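Bear in mind that the values here come from a model prediction, so they are computed numbers and not experimental data. If you read the sequence from its start, that first residue is 1, and numbering goes on from there.
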Amino acid sequence: KTKETVTNSDGKVHTTKYLYAHDLNQTEMIQRHLLAVPLEIQQKVDGQLMGGRKTDYDLFNNDIHPKQMYQILSDGTNRLRATIDSYHSGGTMRQYHLEGDQPVAYIWDQDNQLPLSKVLNARWEEVAYTSFETEGQSAAENGRFLLTGLAGGYESDAKTGRNAFKLYSSGPTNHRSVQHSLMLSGNYTLAFWYKGGTVQVKLDGTTLETLPMVSNWTYVEVPIQGTFGAQISLSTVNGGGPLLDELRLFPIDAQMATYS
């Protein structure tokens with residue numbers, strides 16, 4: 001459809017006009033046959049522009065997705081309202097920001113179908129989150145945390161969800177730990193719940209915290225000041241066997257919400 005017209009009881013004629021790729025000469029969208037997507041919607045009353053909205057599209061990972069969203073004002077000018085900064089390869093939004101505001105980042109499941117976390121005032125490169133539900137070792141399966149060493153380690157005695165993850169250590173090649181490499185320098189909070197044996201938090205091999213054995217689930221926040229490429233690790237010593245759950249990394253001035 002290109003236009004809708006409604007005459008109200010007061011006699012005023014309300015018109016909504018839709019503009020598409022052909023109308024705005026959007027060559028890339030035309031070549032990809034994205035012809036039914038309205039790029040601009042104008043609302044008029046008795047022929048006078050009242051407002052509307054406009055969306056600019058751009059290439060991300062060789063696919064076309066919305067890039068910038070505008071409000072159309074009554075004088076015909078466009079006011080930028082929001083920008084989507086990046087997408088995952090599957091097309092899910094990775095980061096956006098409202099005009100004049102801080103970025104908002106999302107962490108998705110390994111299939112980029114379900115959001116696991118939304119983080120205010122953070123870039124996507126600055127955040128990581130897992131509750132160990134997927135039972136895989138890769139960073140894609142664990143919200144950008146990497147599980148190293150022995151496979152398995154999932155326990156049903158979880159703080160949230162179905163699984164907790166059990167750390168283990170019995171020599172340099174017989175262990176189970178969690179790692180993450182920083183993609184941006186900065187000041188971070190590493191937060192998690194744990195119970196059982198000792199947990200060591202290290203940054204590039206230097207111990208930041210050694211947490212004692214506890215019998216009940218205990219919440220911990222560890223400040224991290226690291227540079228690009230610095231490696232955060234969580235491990236145990238002498239067999240150990242502590243359980244981890246709800247493991248999060250975010251900038252110190254960010255707010256993370258998680259979904260399960």
Evaluate side chain to side chain donor-acceptor pair (under 3.5 Å) for N163 paired with E135, printing each intermediate quantity in order. CA-CA 8 Å; N163 291 336; E135 299 192 10; 3.1 Å; yes
Validation row: [X], [Y] side chains within 4.5 angstrom (heavy atoms):
| X | Y | result |
| --- | --- | --- |
| D56 | D58 | no |
| T55 | L39 | no |
| D245 | T160 | yes |
| V199 | F192 | yes |

So, [X] side chain and [Y] main chain: donor-acceptor pair closer than 3.5 Å or not?
| X | Y | result |
| --- | --- | --- |
| E126 | A105 | no |
| D63 | F60 | no |
| R144 | W124 | yes |
| R162 | E133 | yes |
| T83 | D85 | no |
| E141 | S138 | yes |
| D204 | A230 | no |
| S181 | Q231 | no |
| N142 | T130 | no |
| S117 | T258 | no |

Looking only at the side chains, is there a donor atom on one of Q26 and E28 sitting less than 3.5 Å from an acceptor on the other?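 Per modelled atom types, Q26 and E28 side chains form no pair under 3.5 Å.
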Ion pair present between R81 and E99, side-chain N to carboxylate O less than 4.0 angstrom? no
R248 NZ/CZ over W193 ring centroid, <6.0 Å and within 45° of normal: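 Relative to the ring axis of W193, which defines the angle, R248 lies outside at least one limit.
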Tell me, please, whether Y70 has K54 positioned over its six-membered ring: NZ or CZ under 6.0 Å from the ring centre and within 45 degrees of its axis?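 Satisfied, under 6.0 Å and within 45°.
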Can you list the steps and then say if L234 with L190 is a side chain to side chain contact (heavy atoms under 4.5 Å, CB included)? CA-CA 10 Å; L234 293 94; L190 180 70; 4.1 Å; yes
Close aromatic pair by centroid cut-off 6.0 Å: Y154 and F165: yes
Determine, using ring centers only, whether Y168 and H175 are less than 6.0 Å apart.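 No, the ring of H175 stays outside the 6.0 Å limit from the ring of Y168, centre to centre.
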Can you spot which of H88, K118, R94 makes a side chain to side chain contact (heavy atoms under 4.5 Å, CB included) with Y106?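 Only match with Y106 under side chain to side chain contact (heavy atoms under 4.5 Å, CB included): K118.
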What's the verdict on side chain to side chain donor-acceptor pair (under 3.5 Å) for E40 and Y20, showing C-alpha distance, side-chain angles and the deciding distance? CA-CA 7 Å; E40 188 172 322; Y20 300 88; over 6 Å; no
Within a 6.0 Å radius of atom NZ on K67, are there more than 12 heavy atoms belonging to other residues, nucleotides or ligands? yes
